[in-house]
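Structure first, commentary second.
Both backbone and side-chain heavy atoms feed into the values below; hydrogens, waters and symmetry mates do not. The shown structure was predicted, so the numbers you read here are calculated from the model rather than taken from an experiment.
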Amino acid sequence: MIRSKTRWIPVEADPQQIQRLAEGLSVHPTIARLLIRRGQTDIETAQKFLRPSMDFLHDPYELDGMKEAVQRIRSALTHQEKILIYGDYDADGVSSTSLLLNMFRTLTTQVDYYIPNRFREGYGLNQEALKDAKERGYDLVVTVDTGISATKEAAFAREIGLDLIITDHHEPPPVIPEAVAVINPKKPNCTYPFKSLAGVGVAFKLATALLDRVPTEWMDLVAIGTIADLVPLVDENRVLATYGLERLNERTNKGLSALMDVAGIAGQATAGHVGFFLGPRINASGRLDSAGQAVELLTTDDLNEAQHLAGKMQEMNEERQQIVEEITEQAMAMVEQDPDRYRHVIVAARPGWNVGVIGIVASRLVEKYYRPVIVLGCDEETGIAKGSARSIAGFDLYESLTACKEYLPQFGGHYMAAGMSLKVEDIPAFHAKLSSVAQETLQEEDYIPLTHIDDELTIDQVELSMLEQLALLEPYGMGNATPSFLLKDSSIAKIQTIGADKNHLKLTLQMDRIFMDALAFRKAELAEELVPTSKIHVVGELQINEWNGRRTPQLICKDLAVHERQIFDWRSNHKGEHLNRLRDKPVLLIGHQLLAGNTYSFLSWEDCAKGAGESLAKYTQIAWIDPPPSMEIWRNHLNQIQHMERVYFIFGDRDFDQNLLAVPSREQFKHLYNLLYGKKPFSLLKSYPSLTKRTGLSKRTLSFMIQVFEELQFLQNNNGMIQIIESPSKRPLTDSLTYRQQLEKEEVLQALVYSSYKEICQMFSGL
């Protein structure tokens, strides 16, 4: 048995609705099921989802404030006023800034941009930057991906005579800043039909309105910000991401093309490449230094400069990765040293931790321990700690932080992520309070990750045509996750470890005469946990593998489970080698005696025969290193181990060497006795050659038979001198203990050593 690492949650769907959608769209029922899972429940909306079109984009003037913003910007362009784009330092802010900078440069030379330094200025608008802009002669500031909460800063801009247009997509506060225009689809009273645009999406709508056309030449920038900011890829975002990826793969943007090269993206870039390769490299500049370098990269027309800047992004990303690795290791060490303290919530803090990357560290710790995590970087001079938080399903982070607000002079966020600052001296009390909130909120099962299963299939139901239709659901991302499939009840035909370091697992799944590969990256250790022929359930992503012109389905495994007891047939005469494979596993060994120097948990067959239910009940894995003394003891023992999930046979016929003897037949016993009966006392040692010749039996077998006769009182053995007893009482051979023990040993040998794996498994079938 292997338990899954996550809780598998099947997604229910109405079979009639699936059939109606499949027939109406001419798609595989699984595709229809996936569409319903994504909220596309009728033919019209599903068709739009499957075939995104620029025609589906909404009118930018439906955004409240768009008309006023366009009028003010056009006035600025007419009067050659200086315009400053004020952005944010993440990938969404950088791509938003780059988009508007490119757009304004086609209209005026009086434009520049400003992105605050994460470490010196922090997030969002700040008065010093606005004052500096006014002093440098700027008349209009246009924010992108920021500003919706800047009520004080907006008031300051008004005081110094600096016009402000805010474009943002974050949750608005109760009081909206007063500005020339505030454009945010989430703003109260804004009737825009789609509320989930990224910051770059809002900037794109502003550019569309200003130019009176869709600026397709910068769609690649829109895709970068939209995908990297993890907004749901539905409705307009799906259109923007789809066409943006197409534009990205045309490589018209020299900076992005150079960045794709250093990131090792040789083929077609996907949403996954943006999320895991391009986005992090763009973010790295803002996390470690100034995000301005990323803007220069995305807006340059000089190939040499693009390559130079892309190289710097790569170096900074590598530095960022190293810093994240170091902080993660330090935080993990804290948790491992005092697990009880971090049982409910992890709050890890240390001076010197880079606040630009602690959000990534928090995400890493959630992946490792699956519990709410807060990582704080402490400033020893000010005594203030700044942190990032990441949560798990079932724990509303913002609500929970609100319950601890007496310790948090500043905090903000939402259900799954948040940021905060607090006094270093308050961290222990804050941790204790938040842990108490978690204890009241979360159950034990909530600390097991969830995996939502989009569909349950058997491998004979996986068709190439269905996998080809899966491409219609791309690009994947938030709100449109890569589908997860459960492949049920397959047998394991083959187990391999693959890769240069043999750290990946490849399983060949079988059902009847159908085979399919399943790859589990960085899970080679599971090879030791699986038994060929086991019925296995595998969860992962289905895809088409192309090799030598042949296209076959395969599964990228994310999790797996075996619901039946696993029986490991390691019977051989290499006991030590197999024992090493069980080192550090919670296995109970059963045998005659434990080898010297071993520290395994051990129970003797003698104790098992006496009844050792309590000792056995503590374990779910058991290994037999010696055969049982008898099948009767074995059968009683089986009744005590019905709860075992994994069992290992680790003995061979060498364990029988001292007693490996075919029990003579009753006729052979009779023949020997007739040869001996009536003889005068004789020396057994001297008689062996003659008896061997006349019976055809070995000296060892003859010695055994003499011992049986002695126990039956058919003869006496006085130091090797044999005397036959006249007229002994008739007794069956089974009255001899030696005879019975040899029969038992032979029965054990045949049943547990010479039997097939199938016969071994049959012994457990009734348990």
Side-chain angles (χ1 to χ4, degrees), residues 1-8 458-459 486-497 504-511 515-520 523-540 555 557-572 574-575 577-591 600-603 608 616-628 634-635 637-652 751-753 755-767:
M1 183 177 290
I2 295 179
R3 299 182 187 278
S4 61
K5 302 295 184 186
T6 63
R7 284 182 287 154
W8 298 352
T458 52
I459 63 173
L486 168 59
L487 296 187
K488 305 178 296 181
D489 296 323
S490 299
S491 295
I492 304 175
K494 192 176 184 180
I495 301 172
Q496 296 172 270
T497 54
H504 308 307
L505 180 69
K506 180 180 180 181
L507 302 175
T508 302
L509 308 179
Q510 179 181 5
M511 178 169 282
F515 297 86
M516 194 173 101
D517 288 337
L519 303 179
K523 290 184 170 67
E525 72 281 356
L526 286 173
E528 293 286 341
E529 312 291 331
L530 292 165
V531 174
T533 73
S534 290
K535 291 288 186 182
I536 190 170
H537 307 270
V538 190
V539 168
L555 184 89
C557 174
K558 302 300 182 185
D559 200 4
L560 57 81
V562 176
H563 295 157
E564 61 190 28
R565 179 187 292 109
Q566 292 211 102
I567 301 168
F568 293 82
D569 186 1
W570 292 357
R571 291 175 294 177
S572 74
H574 303 286
K575 190 178 299 184
E577 179 183 318
H578 290 308
L579 278 174
N580 284 334
R581 297 167 69 182
L582 296 179
R583 194 173 299 279
D584 301 324
K585 294 185 185 296
V587 180
L588 175 67
L589 304 188
I590 304 287
Y600 298 92
S601 299
F602 178 79
L603 193 66
C608 287
L616 291 168
K618 300 175 184 176
Y619 295 87
T620 58
Q621 300 181 40
I622 193 169
W624 297 287
I625 61 172
D626 296 310
W634 172 253
R635 284 186 284 270
H637 177 62
L638 286 184
N639 291 328
Q640 298 177 315
I641 62 165
Q642 296 183 37
H643 63 289
M644 292 296 172
E645 298 176 1
R646 296 185 205 167
V647 299
Y648 301 83
F649 286 82
I650 312 181
F651 53 75
L752 299 180
V753 178
S755 57
S756 67
Y757 179 70
K758 183 178 180 180
E759 290 170 327
I760 285 286
C761 292
Q762 286 174 346
M763 293 183 186
F764 292 85
S765 60
L767 295 185

Original post:
How close do Ile625 and Lys575 get, heavy atom to heavy atom, and via which atoms?
Top reply: O-NZ, 2.7 Å
Original post:
Given His537, which of Leu560, Leu487, Val562, Asp489 fulfils the side-chain contact (heavy atoms from CB on, under 4.5 Å) condition?
Top reply: Asp489
Subject >> Spacing of Ile536 atom CD1 and Ile2 atom CD1 [to the nearest 0.5 Å] >> reply: 6.5 Å
Subject >> Any donor-acceptor pair under 3.5 Å from Ser572 side chain to His574 backbone >> reply: yes
Original post:
Between Trp570 and Trp624, does the ring centroid distance fall short of 6.0 Å?
Top reply: no
**OP:** Taking His578 for its side chain and Arg571 for its backbone only, find out whether a donor-acceptor pair lies under 3.5 Å.
**Re:** no
**OP:** Would you check, one step at a time, whether the test side chain to side chain contact (heavy atoms under 4.5 Å, CB included) holds for Phe651 with Val753?
**Re:** CA-CA 8 Å; Phe651 53 75; Val753 178; 3.8 Å; yes
Original post:
Any Lys/Arg nitrogen of Arg581 or Glu528 sitting under 4.0 Å from an Asp/Glu carboxylate oxygen of the other?
Top reply: yes
Original post:
Could you give the distance from CD1 (Ile590) to CG (Leu616), rounded to the nearest 0.5 Å?
Top reply: 5.5 Å
Subject >> Closest non-hydrogen atom pair, Ile459 against Ser490 >> reply: CG2-OG, 3.5 Å
**OP:** Decide side chain to side chain contact (heavy atoms under 4.5 Å, CB included) for Cys608 and Leu603; before the verdict, give the C-alpha distance in whole Å, the side-chain angles of both, and the deciding distance to 0.1 Å.
**Re:** CA-CA 7 Å; Cys608 287; Leu603 193 66; 3.7 Å; yes
Subject >> Closest heavy-atom pair and its distance - Leu505, Ala527 >> reply: CD1-CB, 3.8 Å
**OP:** State, to 0.1 Å, how close Ile650 and Ala623 come at their nearest heavy-atom pair, and which atoms those are.
**Re:** CD1-CB, 4.0 Å
**OP:** Give the minimum heavy-atom separation between Lys506 and Asp517, together with the two atoms involved.
**Re:** CE-OD2, 3.3 Å
**OP:** Mark yes or no for whether His643, through its side chain, and Tyr619, through its backbone, hold a donor-acceptor pair below 3.5 Å.
**Re:** yes
Original post:
How far does OG of Ser756 sit from CD of Gln762, to the nearest 0.5 angstrom?
Top reply: 7.0 Å
Subject >> Donor-acceptor under 3.5 Å (Gln566 side chain, Val531 main chain) >> reply: yes
**OP:** Drop me the distance from Ser601's OG to Gln621's CD, to the nearest 0.5 angstrom.
**Re:** 11.5 Å
Subject >> Identified ring-ring contact (aromatic ring centres under 6.0 Å, His included) counterpart of Phe568 within the set Phe649, Tyr648, Tyr757 >> reply: Tyr648
Original post:
Trp8 and Asp559: which non-hydrogen atoms are nearest, and at how many Å?
Top reply: NE1-OD2, 3.0 Å
Subject >> Side-chain touch Ile567/Phe764, heavy atoms, less than 4.5 angstrom >> reply: yes
